[in-house]
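What follows is a set of notes on a single structure, which appears directly below.
The shown structure was predicted, so the numbers you read here are calculated from the model rather than taken from an experiment.
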Amino acid sequence: MKNLQNFKFTKIILFLSLFFSSLSCFSQGIEWTKDDRNSIYSEYLDALTKYKNITIDQKKSIALDCMKEITKKYTKKDYRDLIDVELERIQEATINTSTKNVGVSLSDVKVKEEYSKNDSNTFREEDFSGMWSSEIGDYIFMAKDKTYTCKSSSSRGCMNDRGDFVIKGRGLTIESNKSFCGWSNGRFTIISISSEEIVLNDKSNNRELRLKKIK
């Protein structure tokens with residue numbers, strides 16, 4: 001009789017052990033674990049590496065906020081069931097939200113990201129294409145035929161100038177019967193280019209010229 005009671009007791013202990021073990025495994029399958037959170041944090045930290053103007057501390061803060069947003073908004077199962085295109089869109093939206101939460105302007109990030117191509121030391125005529133304004137006058141660069149026009153009412157500049165422009169590496173050369181609207185011999189170093197602004201430096205006198213894109 002005593003042996004039977006011991007056997008039943010052992011079976012109960014074994015059953016309870018298996019039961020609680022199953023609950024633990026089930027819980028780990030549906031709840032965010034520490035490893036899951038670390039994985040999401042690392043995923044977003046990697047996604048932020050392309051933003052060169054953000055400090056490492058800012059990236060860590062944004063990635064941490066992204067992790068909190070994801071684990072708060074989605075269950076582990078729902079997140080795992082998302083397809084790649086959904087994950088990409090969620091990642092972009094979450095980074096947008098988290099950059100605002102930590103006080104980083106994403107619009108500034110995007111503009112500065114465009115400047116990263118300046119590291120290549122190579123520019124194209126297409127980068128200048130369009131209408132730009134400066135303190136001297138308005139410039140229209142036509143990349144297709146590599147010509148430009150300049151109109152200004154400023155006494156410092158020219159009333160009407162036109163000619164050709166050539167880009168080689170970081171160098172811009174203006175070829176016209178007149179100087180580049182009063183800017184010396186028309187030879188410039190391209191400092192930077194973005195969709196909003198071109199910054200040039202006059203090689204002859206080290207003066208800076210900024211051209212703002214006209215919408």
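A donor-acceptor pair under 3.5 Å is formed between the side chain of T99 and the backbone N or O of N96. Side chain of T49 to backbone of D46: a donor-acceptor contact under 3.5 angstrom is found. Of the possible donor and acceptor atoms, one in the side chain of R170 sits under 3.5 Å from a partner among the backbone N and O of I190. A donor-acceptor pair is defined here as one N or O able to donate and one able to accept, closer than 3.5 Å; no such pair exists between the side chain of W32 and the backbone of K72. A donor-acceptor pair under 3.5 Å is absent between the side-chain atoms of S98 and the main chain of N101, judged by distance alone.
Between F165 and F141, the ring planes lie perpendicular to each other; the angle is over 60°, past the 30° to 60° tilted range.
When side chains are defined from C-beta on, Y44 does not count as touching L64, because their heavy atoms never get closer than 4.5 Å. The closest side-chain heavy-atom distance from I198 to F123 is not below 4.5 Å. In this structure, the side chains of E69 and D65 come closer than 4.5 Å at one or more pairs of heavy atoms. For the pair I40/M67, a side-chain contact is recorded, criterion being any heavy-atom separation below 4.5 Å from C-beta on. Counting only heavy atoms from C-beta outward, the side chains of K76 and I30 never approach each other to under 4.5 Å. Within the 4.5 Å cutoff, the side chain of T189 has no heavy atoms near those of the L200 side chain.
Nearest heavy atoms, S194 versus W132: O-CH2, 3.9 Å. Considering all non-hydrogen atoms of both residues, V199 and R210 come closest at CG2-NH1, 3.4 Å. Closest approach of L48 to A63, counting heavy atoms only: CD1-N, 3.9 Å. Taking all atoms of both residues into account, the shortest heavy-atom contact from K212 to E197 is NZ-OE2, 2.6 Å.
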Quiz prompt | Check against side-chain contact (heavy atoms from CB on, under 4.5 Å), Q58 and V102 | solution = CA-CA 8 Å; Q58 287 176 320; V102 301; over 6 Å; no

Quiz prompt | Verdict with supporting geometry, L87 and Q91, side-chain contact (heavy atoms from CB on, under 4.5 Å) | solution = CA-CA 6 Å; L87 289 170; Q91 185 181 86; over 6 Å; no

Quiz item: Can you list the steps and then say if D127 with I167 is a side-chain contact (heavy atoms from CB on, under 4.5 Å)?
Solution: CA-CA 10 Å; D127 295 326; I167 296 174; 5.9 Å; no

Quiz prompt | Stepwise side-chain contact (heavy atoms from CB on, under 4.5 Å) test for F128 and I193 | solution = CA-CA 8 Å; F128 279 72; I193 295 177; 3.7 Å; yes

Quiz item: How far apart are the C-alpha atoms of T147 and D145, what are their side-chain angles, what is the distance that settles it, and do they pass the side chain to side chain donor-acceptor pair (under 3.5 Å) test?
Solution: CA-CA 6 Å; T147 61; D145 54 6; 2.9 Å; yes

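Rounding to the nearest 0.5 Å gives a distance of 11.5 Å between CD1 of I90 and OG1 of T97. Taken from CG in N201 to CG in L172, the straight-line distance is 11.5 Å, to the nearest 0.5 Å.
Atom CG of D81 has more than 12 neighbouring heavy atoms from other residues, nucleotides or ligands inside a 6.0 Å radius.
Under the 4.5 Å side-chain heavy-atom criterion for grouping Ile, Leu, Val, Met, Phe, Trp and Tyr, M142 is not connected to V166 through any hydrophobic cluster.
A side-chain donor from one of T33 and D36 sits under 3.5 Å from a side-chain acceptor of the other.
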